[in-house]
Amino acid sequence: NYSDKLKKHMRIHTVDKPYKCDVCKMRFVVLDQLKSHLRTHTGEKPYKCDVCNVMFSRSGCLKVHMRTHTGEKPYKCDICKVGFRLSATLKTHVQTHTGDKPYKCDVCKMMFVALCRLKNHMRTHTGEKPYVCKTCGKRLTQLSSLRHHVRTHTGEKPYVCKTCGKRFARLSNMKVHMRTHTGEKPPCICSKSGEGFIKTSIMELQLRTHTGEKPYVTEAVVEDLRSC
């Protein structure tokens with residue numbers, strides 16, 4: 001009822017999180033969030049994509065994933081008109097136009113556009129690798145890196161080129177491949193060498209080879225470099 005919904009909503013403002021995970025002690029505002037979170041520990045994935053059979057632990061993740069098949073990008077940048085599957089990705093993208101990087105690493109003073117990127121970066125200092133491959137035991141710093149790694153065991157290639165049918169394990173690889181059909185130039189161009197890159201993070205790493213700066217390289221960037 002309305003009263004219950006209001007109580008749940010008010011916890012956002014009061015920081016009241018009464019539901020605690022017994023495994024990692026993480027706390028949540030509502031019970032449904034805890035139930036969804038527990039699947040990250042149990043590995044349960046009840047939601048299945050009808051197109052490529054990839055499984056997901058949350059219905060919301062499946063909904064977002066389906067956009068990789070439909071091509072739907074409902075969130076548009078007002079400045080450059082580029083579309084995104086996630087509102088959070090759009091928010092981070094807009095900061096590439098404004099130059100706003102509000103999150104700062106206390107160790108190396110590196111700045112980030114999003115808090116999640118700072119958290120991932122901090123693991124390069126702490127050495128924390130919380131995500132473990134159940135097949136080979138390899139530990140990784142990011143969940144996305146674990147997902148990509150698992151595909152080296154399963155052989156799964158969920159991303160399909162609509163033009164020629166070639167399949168890919170990584171969405172970024174498919175995007176690069178699509179340019180062989182469209183002739184489109186890469187979105188990120190190095191100002192020093194003129195070389196094109198699929199991601200800003202990789203381009204920035206290349207730019208530092210010209211400036212001599214020694215960057216902290218995240219696991220995600222390493223994975224991207226390996227797939228180039």
Side-chain angles (χ1 to χ4, degrees), residues 32-77 80-94 114 116-117 120 130-136 138 140-188 196-202 218-228:
D32 284 344
Q33 289 177 339
L34 172 59
K35 289 179 178 178
S36 178
H37 165 79
L38 283 171
R39 295 186 187 123
T40 64
H41 297 298
T42 64
E44 180 190 0
K45 295 182 178 181
Y47 303 101
K48 181 179 179 181
C49 173
D50 293 334
V51 180
C52 65
N53 298 322
V54 173
M55 306 293 290
F56 296 90
S57 60
R58 291 182 291 177
S59 59
C61 292
L62 172 59
K63 182 179 179 180
V64 170
H65 165 79
M66 288 305 298
R67 292 173 184 157
T68 65
H69 297 299
T70 63
E72 180 190 5
K73 294 182 178 180
Y75 304 100
K76 302 289 183 182
C77 174
C80 67
K81 310 307 178 185
V82 172
F84 297 90
R85 291 185 293 133
L86 294 169
S87 60
T89 309
L90 170 60
K91 184 179 178 180
T92 300
H93 164 80
V94 168
C116 61
R117 293 188 179 181
N120 287 335
Y131 304 103
V132 185
C133 174
K134 293 180 179 179
T135 304
C136 68
K138 183 176 181 179
L140 300 116
T141 60
Q142 298 182 46
L143 181 58
S144 59
S145 297
L146 175 60
R147 288 176 182 146
H148 294 145
H149 168 77
V150 167
R151 289 175 187 150
T152 65
H153 297 299
T154 63
E156 177 195 355
K157 294 184 177 181
Y159 305 105
V160 185
C161 173
K162 293 181 179 178
T163 304
C164 68
K166 188 174 181 178
R167 303 186 72 94
F168 298 87
R170 296 171 65 91
L171 179 59
S172 58
N173 286 359
M174 187 184 75
K175 287 181 177 179
V176 171
H177 164 79
M178 286 300 296
R179 294 192 173 97
T180 64
H181 298 299
T182 64
E184 179 188 358
K185 293 182 179 180
C188 307
F197 298 90
I198 181 68
K199 287 189 176 182
T200 303
S201 57
I202 301 176
T218 66
E219 190 173 84
V221 173
V222 171
E223 290 287 332
D224 285 331
L225 289 170
R226 285 173 179 167
S227 65
C228 286

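Here, residue 1 is the first one in the sequence, and each next residue gets the next number.
- Residues satisfying the ring pair (Phe, Tyr, Trp, His ring centres under 6.0 Å) criterion with Phe84, sequence neighbours excluded, are His93.
- Separation of atoms OG (Ser145) and CG (Asn120) is listed at 8.0 Å; rounding is to 0.5 Å.
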Scan the side chains in residues 55-67 for donor-acceptor partners under 3.5 Å anywhere in the protein, sequence neighbours excluded, and list what turns up.
| from | atom 1 | to | atom 2 | distance (Å) |
| --- | --- | --- | --- | --- |
| His65 | NE2 | His69 | NE2 | 3.1 |
| Arg67 | NH1 | Arg85 | O | 2.5 |

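- Qualifying side-chain contact (heavy atoms from CB on, under 4.5 Å) partners for Thr135, counting only residues two or more places apart in sequence or in other chains: Cys133, His153.
- For Arg39, the salt bridge (Lys or Arg N to Asp or Glu O under 4.0 Å) criterion is met by Glu44, not counting sequence neighbours.
- Residues passing the side-chain contact (heavy atoms from CB on, under 4.5 Å) test with Arg167 are Cys52, Lys157, Val160, sequence neighbours excluded.
- Nearest heavy-atom pair across Arg151 and Tyr159 is NH1-CE1, 3.9 Å.
- To the nearest 0.5 angstrom, Arg147 atom CZ is 11.0 Å from Gln142 atom CD.
- No donor-acceptor pair under 3.5 Å is formed between the side chain of Ser36 and the backbone N or O of Gln33.
- Here His148 contributes atom NE2 and Leu146 contributes atom CG; the two are 10.0 Å apart, rounded to the nearest 0.5 Å.
- Shown here is Asn53, whose CG atom has more than 12 heavy atoms of other residues, nucleotides or ligands within 6.0 Å.
- Residues satisfying the ring pair (Phe, Tyr, Trp, His ring centres under 6.0 Å) test with Tyr47, not counting sequence neighbours, are none.
- Atoms OG1 and NZ, on Thr68 and Lys73 in that order, are 10.5 Å from each other to the nearest 0.5 Å.
- How far NZ of Lys76 is from CG of Leu90: 10.0 Å, rounded to the nearest 0.5 Å.
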